[in-house]
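Below is one structure, written out as C-alpha cells, with a few remarks after it.
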Amino acid sequence: MADNAPLPRPQAGPITSQLGRREPDYLNGLNPEQRDAVLTIDGPLLVLAGAGTGKTRVLTTRIAHILTTKRAWPSEILSVTFTNKAAREMKDRIARFVGASVEGMPWLGTFHSISARILRRHAELVDLKSTFTILDTDDQIRLIKQLLAAENIDEKRWPARQFAGMLDAWKNRGLLPKDVPASDSGYYANGKGGKLYHDYQARLKTLNAADFGDLLLECIRLFRENPEVLAEYHAKFKYMLVDEYQDSNTAQYLWLRLLAQGKPASEANICVVGDDDQSIYGWRGAEVDNILRFETDFPGAKVIKLERNYRSTANILKAASTIIANNEGRLGKTLFTDIAEAGEPISFTQVYDSEEEARTVGEEIEQYQRQGEALNSMAILVRASFQMREFEERFITLGVNYRVVGGPRFYERKEIRDALAYLRLVAQPADDLAFERIINVPKRGLGDSTVKMLMETARHQRVPLLQAVRMMVETEDLKPKQRTTLRSLVAQFDDWAWRSESLPPYQLVEHMLEESGYMDMLAADKSVESEGRKENLKELSRSMEEFETLGGFLEHISLVMDRDSADASDAVTIMTLHSAKGLEYNTVFLPGWEDGTFPSQRSMDETGRAGLEEERRLAYVGITRGRKRVRISAAQNRRIHGLWQSAIPSRFIDELPPDAVEVTDRGSAYGGYGYGGGATSRFNKADPFESVYETPGWQRARANQSNRKGGGPLTIDGDLVARSVDLGGQSSGYALGERVFHLKFGYGEVIQIEGNKLTIDFEKAGTKKVLESFIKKG
DNA sequence: TACTGGCTAGTTTTT
DNA sequence: CTAGCCAGTA
C-alpha cells in the first residue's frame, strides 16, 4: 500500500490561509446542486449523480471543504472507493485543492485496503498474525482443490471454481460458516458445502492468510465481537464518504453500518454517492437495494440529485435516458445539458457479420483520424471479451494502433505469480501455497510423490511445508536425489531470507530469479512467449524500486492490482462495457448489439427481468461514455462457439428514441437478410413505443423462435423468463419426476426445480443443474 | 517425472 | 473454434 509510509503531520499553513474568506475558491464553478452537496456536511446525505455530472468533483471538493474549514483532520475522514484507480484519483484531486499535506489521508482507499489496514492492527482478535498473507483467486482455487481431494469429492462433478464462486457469494453476503443457510450449503457436493466452508476457513488460519472476502468479513466479525475496538473507530472517524455506493454488497454495507453506528442514524455524518442506473455488478453480489434504501437506513437523510451533464451531446443524453427509462425500480433521474446543439445523431448500423463489423469500425476510425481526431479519444466497448479479437485482428491488418484494457492482469501472469511466490515465501515461510507453487518451478525433479510425502509430514507434525522439508532432509525417507535437491533449496531460501534484510526488494527478486534457475528456464524456453515473460519480470523488478520493504511491496501487489497503462502512445481503446464505467471518449463504438449477445442471453436466463435491467444499465453506461459521437452496430450473423448463428438486433435498439438516431443498413447490401421493410422504416412510425412488441425486431425475434428446432421455451422474452424466476419455482413448465431430454446430456428425470433452473438426474451424465431453456420434454 | 493428445466448456471481474 | 486442463504414456 502506497500510503503505508509514516504520515507527515498535516501542515496548518495552507488550511488556515483559506479561512476568513467568504467564498472559498474551491466553490467556484460548482452548480447549485453540487455546491449543496459539498456544503451539507452534517448528517446523512445521499448524492445521486448521473453519468458525467461531476460526481468525483463533488466528492473531492467536499473533502477539501471539510479540511479547510477544519472540521476534521485528514486522519479523521473515512473515504471509501471500490477501485484503487478511484482512490488514487481522489487523492490527487484533493491534493490539488489543499496542497500536499493531504498526501497523508490514511483512510482514503478501497474497502479492501482499509479493511486490511484495520485487520493488521487487530489481527490477533480474529485469529491471525499481523503479517497475514492476502490470497488471490489462484491461491484460493488451489486450496479448495486440496480440500476437495481430502474429502474425496469428484472434482469433475463439483468443480473447485464453482465452490470458489459460492464462497465468494457467501462472503459478499456477510455470512460466516455458521450463518450459511443449509439450503445454500447443502447443494454443493451433496451437502458438504457447509463443512468445506468451515474447513476452508480453518485452513486459512493455519496458513495465516485471508482471502479478499475475508478482509471485509473478518473486519465485520472484529467489530461485532469487540465493541471496544469498534468504539475506537467511531471516535476516530468524524466523517464518512462512500463512492459508487450502488456497487456495494451486503458485507460492505454491514461494514459501513457498523462504522456509522457511533451516532444515531439520523445524525451520522455519512455521505454516499452513486447512481442506481449504473449498477452493473449485481452478478458479483452488489445490492442496488443499498442505495435505494439509504433514506430508510438513515432517517432524515438529505437527497441531492445531480442531473446536469457536462459530458455528452443532447442526442447522446436523450438516447441514454430513453433507454434507461424502461427500467423499473429506479430512483429516477433525467440527465440534461446546457449545450444547445443536439450534436450528431446516434448511429445504428447493421452489418452482415462480425468481420464486416470490425471492417466498418476500422474504416470509420481511420476516417475520424484523417479528420484530426486522436485515436486516444476513441473507444470500442464490447459486452464480452470474445468480441475483442475480431477488432484486434482488423486493427493489426490496418496498422491502427490499439490498446486492450482488461484481460489477464499484470500480476496474474504466470511468471509474475511465480516470482511473487518466491518473495512471499521469504517474507512468510509458512506460506504453503506459495511453496507448492514453486517447489518444482523451475523443474527440479520434485514431482507429485515428493510433494505428497512432504505434505504428509507437514500435516502430522503440524508445521508448514518449508519446515517439513527441513525435517525430511534429515531422515532416510526421501530418495537421495530429492533429498539433495531439497537440501540445497532450503539453503537457498535461508540465504535469500538473510539477504532480504539488506537488499532492497527489487534487487532481491532479481537475485532470486537468477539463483533459482528461473531465468535459465526462460532462456531455454524457445517459445514466443518467453521473451515477453522476461520483459514482464524486468517490469516487476522496476515496479519494486519504490518499495523499501518486502512486506510493503507484497501488501501493495495483493491489494493494488491495477493495470496501469503507462503506455502514452496514441491508440484506440478496446474494452468491455464493465471496465468502461467512469471513463469518457469523444467517439464511442458499441458493436454487437444483438439479442443474446447484448443483452446477454445468459443474464436473462439466470436472473430474468433483473438481469435484463442490468443489461440495460450496461447499455446506459455504454452510451453515456460518449462525448460527441456514439456508433452502435449489430451483426446479422455471428459465430458463437464455432458455429454460425443468425442474430436479430438488440431489443435495446427498439428502445432508442427515433429522432436521435440515424440508421444505416450495410448488411442488406451484402445480400444478408435485412429485417422489416427497409432499415429505417420502423423509426418512421409516429410512435415507435406504442407497442414495443410490434417493432420489426420483436417480430423477427418471435418468428425466429417458432422456427427454432426443438421449439423450446421462449427464453428470449425477458418477461416470460422473469416470471418463472420471480415465482420461485412454481411456474416452471416442468414437473418433478418428469422425463426430459437435453441435447448434450440425453434423457433424465427432473428432481428439483428452482425457478428456471432444473436439477436433473440424467441417465448417462449423472445429476446436473441445467437451465430450463436447454431441455425439452422427453 | 515430463510430455502430449484428447476432451470439455465457453459473460461481465473494481478487490 | 480454441484454450486450458487432465489422464495416459514414454
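In the text below, chain A, chain B and the rest are named by the order of the sequence lines, each starting its count at 1.
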Between [atom2] of [N] and [atom1] of [X], the distance in whole Å:
{"X": "A:Q252", "N": "B:dT15", "atom1": "CD", "atom2": "P", "result": "12 Å"}
{"X": "A:L559", "N": "B:dT14", "atom1": "CG", "atom2": "P", "result": "14 Å"}
{"X": "A:I280", "N": "B:dT13", "atom1": "CD1", "atom2": "P", "result": "9 Å"}
{"X": "A:H556", "N": "B:dT15", "atom1": "NE2", "atom2": "P", "result": "11 Å"}
{"X": "A:N249", "N": "B:dT14", "atom1": "CG", "atom2": "P", "result": "15 Å"}
{"X": "A:L618", "N": "B:dT13", "atom1": "CG", "atom2": "P", "result": "10 Å"}
{"X": "A:K581", "N": "B:dT12", "atom1": "NZ", "atom2": "C1'", "result": "12 Å"}
{"X": "A:D168", "N": "B:dT13", "atom1": "CG", "atom2": "C1'", "result": "10 Å"}

Open item on the list: Under the salt bridge (Lys or Arg N to Asp or Glu O under 4.0 Å) definition, can you give me all pairs with a residue in residues 272-281 of chain A, not counting sequence neighbours?
Closed with: A:D275-A:K333, A:D276-A:K333, A:D277-A:R330, A:D277-A:K333
Could you check whether [X] gets within reach of a base, just the sugar-phosphate, or nothing at all, counting any heavy atom under 4.0 Å?
{"X": "A:S449", "answer": "sugar-phosphate"}
{"X": "A:T81", "answer": "nothing"}
{"X": "A:K443", "answer": "sugar-phosphate"}
{"X": "A:S600", "answer": "base"}
{"X": "A:G447", "answer": "sugar-phosphate"}
{"X": "A:F111", "answer": "nothing"}

Nearest listed nucleotide, side chain of [X], among [options]:
{"X": "A:N440", "options": "B:dG10, B:dT1, B:dA2", "value": "B:dA2"}
{"X": "A:H641", "options": "B:dG10, B:dT14, B:dT12", "value": "B:dG10"}
{"X": "A:Q482", "options": "B:dT14, B:dG10, B:dT1", "value": "B:dT1"}
{"X": "A:D247", "options": "B:dT1, B:dT15, B:dT14", "value": "B:dT14"}

TODO: Using distance alone, with no hydrogens and no angle criterion, decide if A:N327 and A:Y620 have a side-chain donor and acceptor under 3.5 Å apart.
DONE: no
Results of side chain to side chain contact (heavy atoms under 4.5 Å, CB included) for [X] - residues two or more places apart only:
{"X": "A:T573", "answer": "A:A379, A:R403, A:V405, A:M575, A:Y585"}
{"X": "A:W283", "answer": "A:Y281, A:H578, A:E614"}
{"X": "A:I323", "answer": "A:W593, A:R616, A:A619, A:I623, A:F652, A:E655, A:L656"}
{"X": "A:S115", "answer": "A:L215, A:L216, A:C219, A:W255"}

If you measure from the Lys or Arg side-chain nitrogens to the Asp or Glu carboxylate oxygens, is any gap between [X] and [Y] under 4.0 Å?
{"X": "A:D418", "Y": "A:R533", "answer": "no"}
{"X": "A:D247", "Y": "A:R284", "answer": "no"}
{"X": "A:E89", "Y": "A:K85", "answer": "no"}

Open item on the list: Just to verify, what does A:Y518 make a ring pair (Phe, Tyr, Trp, His ring centres under 6.0 Å) with, not counting sequence neighbours?
Closed with: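 So A:Y518 forms no ring pair (Phe, Tyr, Trp, His ring centres under 6.0 Å) with any residue.
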Close N or O pairs between protein and nucleotides 3-10 of chain C (under 3.5 Å):
from, atom 1, to, atom 2, distance (Å)
C:dA3, OP1, A:R389, NH2, 3.0

Task: Along DNA chain B (nearest heavy atom to each residue), the more 5'-positioned of A:H578 and A:T110 - done: A:H578
TODO: By nearest nucleotide on DNA chain B, pick out whichever of A:G642 and A:G445 is the more 5' one.
DONE: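 Closer to the 5' end of DNA chain B: A:G445.
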Task: Under 4.0 angstrom between A:S558 side-chain N/O and B:dT15 OP1 or OP2 - done: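 No, because none of the side-chain N or O atoms of A:S558 sits under 4.0 Å from OP1 or OP2 of B:dT15.
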- [ ] Examine B:dT14: is either OP1 or OP2 under 4.0 Å from a nitrogen or oxygen in the side chain of A:S579? Give yes or no.
- [x]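 For A:S579, the contact criterion (side-chain N or O under 4.0 Å from OP1 or OP2 of B:dT14) is not met.
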Task: Residues within residues 380-388 of chain A bordering DNA chain B, heavy-atom distance below 4.0 Å - done: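 Heavy-atom cutoff 4.0 Å gives A:R383, A:A384, A:S385.
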Task: C:dA3 versus B:dT14 - spacing of their C1' atoms, nearest Å - done: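 Approximately 26 Å lies between the C1' atom of C:dA3 and that of B:dT14.
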Open item on the list: Test of understanding: with side chain to side chain donor-acceptor pair (under 3.5 Å), list the residues that count as partners of A:R221, not counting sequence neighbours.
Closed with: A:D127, A:E218, A:E225
- [ ] Using the aromatic ring of A:W283 (for Trp, its six-membered ring), decide whether it stacks on the base of B:dT12 within the limits of 5.5 Å and 30°.
- [x]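 Yes, the aromatic ring of A:W283 stacks with the base.
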